[in-house]
Amino acid sequence: MIQTDRLILREWLDDDLAPFAALNADEHVVEFLPGPLSREQSDATAARIRDHFARRGFGLWAVEVPGIAPFIGFVGLSVPSFEAHFTPCVEIGWRLAREHWGRGYATEAARAALRFGFDELGLDEIVSFTVPDNLRSRAVMERIGMQRSPVDDFDHPSLSAGHRLRRHVLYRYKPESP
């Protein structure tokens, strides 16, 4: 568990599955993903997240706002399953329910996840990626200090040629050397 000033990043609970399914069915939340998820698809995603924790000892934490909301989405670290010029790597990512956007929660939790990745896991670099039009996520990447080089942009190998979401921008974060 990781605690910030306003948030708790924690293991997933069975009670998180219903609000996670609602989040994954929201067209605004999944605007830059291939599409909304059914309850079964959402539960399978949560199972993969839990499995990632079991296999690797880190992952996409469930995010709680104590006293306000027991589950607002996830923020954390994962290892992408596809191959690209920057893999293998560890990615930082987030997905929050729309009613919790614009409050700085993604940025606050992402900063904590970065610290965990470097301080606890000893990582040399953490990446993040999204489609060019996802300005909200790109703003979070920039607020947490990630840098983009256009030469790193790539076509996501899991999406077919011509897919509207295939092109991705890549951001990197490497801690300053002492």
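We're numbering straight along the sequence, starting at 1. No hydrogens, no waters, no symmetry mates; every other heavy atom, side chains included, goes into these values. Source: prediction; values computed, not measured.
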Side chains of [X] and [Y], heavy atoms from C-beta outward: is any pair under 4.5 Å?
X	Y	answer
L33	R95	yes
W61	I8	no
V131	R167	no
R138	P132	yes
E11	M1	no

Using every non-hydrogen atom in the two residues, find where [X] and [Y] come nearest and quote the distance to one decimal.
X	Y	result
H85	D153	CE1-O, 4.4 Å
V30	G35	CG2-C, 3.8 Å
G76	A113	CA-CB, 4.2 Å
P34	L165	N-CD1, 3.8 Å

Exercise. Of all residues at least two apart in sequence or in a different chain, which pass the salt bridge (charged side-chain N to carboxylate O under 4.0 Å, His left out) check with D14?
Worked result: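 For D14 the salt bridge (charged side-chain N to carboxylate O under 4.0 Å, His left out) partners, ignoring immediate neighbours, are R50.
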
Quick check against the 3.5 Å criterion: does [X] have a side-chain atom that pairs as donor or acceptor with the backbone of [Y]?
X	Y	value
S78	G59	no
S42	S38	no
H52	V79	yes
R166	D155	no
T107	G104	no

Exercise. Going through the distances and angles, do R39 and N24 end up as a side-chain hydrogen bond (donor to acceptor under 3.5 Å, both in side chains)?
Worked result: CA-CA 8 Å; R39 175 63 192 257; N24 286 320; over 6 Å; no

Would [X] and [Y] pass as an ion pair if we require N to O under 4.0 Å?
X	Y	value
K174	D124	no
R111	D5	no
R136	E31	yes
D152	R148	no

Give, for atom [atom1] of [X] and atom [atom2] of [Y], the distance between the pair rounded to the nearest 0.5 Å.
X	Y	atom1	atom2	answer
R98	I72	CZ	CD1	14.5 Å
R172	Q147	CZ	CD	12.0 Å
L37	D43	CG	CG	10.0 Å
Y171	M141	OH	CE	7.0 Å
S137	F32	OG	CZ	8.5 Å
C89	I126	SG	CD1	10.0 Å

same_hphob_cluster([X], [Y]) at 4.5 Å side-chain heavy-atom cutoff:
X	Y	result
L114	L77	yes
L23	V75	yes
F20	W94	yes
L96	I68	yes
V65	L9	yes

For this session: Apply side-chain contact (heavy atoms from CB on, under 4.5 Å) to the pair V169 and T130, showing each step before the final yes or no.
Result: CA-CA 6 Å; V169 293; T130 190; 4.1 Å; yes

Exercise. Please walk me through it: do F116 and F58 pass side-chain contact (heavy atoms from CB on, under 4.5 Å)?
Worked result: CA-CA 9 Å; F116 181 88; F58 66 90; 3.9 Å; yes

Exercise. What residue among V63, V140, L7 forms side chain to side chain contact (heavy atoms under 4.5 Å, CB included) with Y105?
Worked result: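 It is L7, the one option of V63, V140, L7 that forms the side chain to side chain contact (heavy atoms under 4.5 Å, CB included) with Y105.
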
For this session: For residues W12 and F71, establish whether the separation of their ring centroids is below 6.0 Å.
Result: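 Yes, close enough.
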
Exercise. Should we say atom CD of E125 is surrounded by more than 12 heavy atoms from elsewhere, each under 6.0 Å from it?
Worked result: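 More than 12 heavy atoms, drawn from other residues, nucleotides or ligands, come within 6.0 Å of this atom.
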
For this session: Starting from the C-alpha separation in whole Å, work towards a yes-or-no answer on side-chain contact (heavy atoms from CB on, under 4.5 Å) for W101 and V29.
Result: CA-CA 10 Å; W101 292 358; V29 173; 3.9 Å; yes

Problem set entry | Aromatic plane relationship, F118 with Y173 - under 30° parallel, 30 to 60° tilted, over 60° perpendicular |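 Ring orientation of Y173 relative to F118: tilted.
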
For this session: Classify the ring geometry between F86 and F82 as parallel (under 30°), tilted (30 to 60°) or perpendicular (over 60°).
Result: perpendicular

Exercise. Which pairs pass salt bridge (Lys or Arg N to Asp or Glu O under 4.0 Å) with one or both residues in residues 75-93, sequence neighbours excluded?
Worked result: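 Found none.
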
For this session: Take R164 and D133, measure what salt bridge (Lys or Arg N to Asp or Glu O under 4.0 Å) needs, and give me the verdict at the end.
Result: CA-CA 11 Å; R164 69 177 182 85; D133 289 342; over 6 Å; no

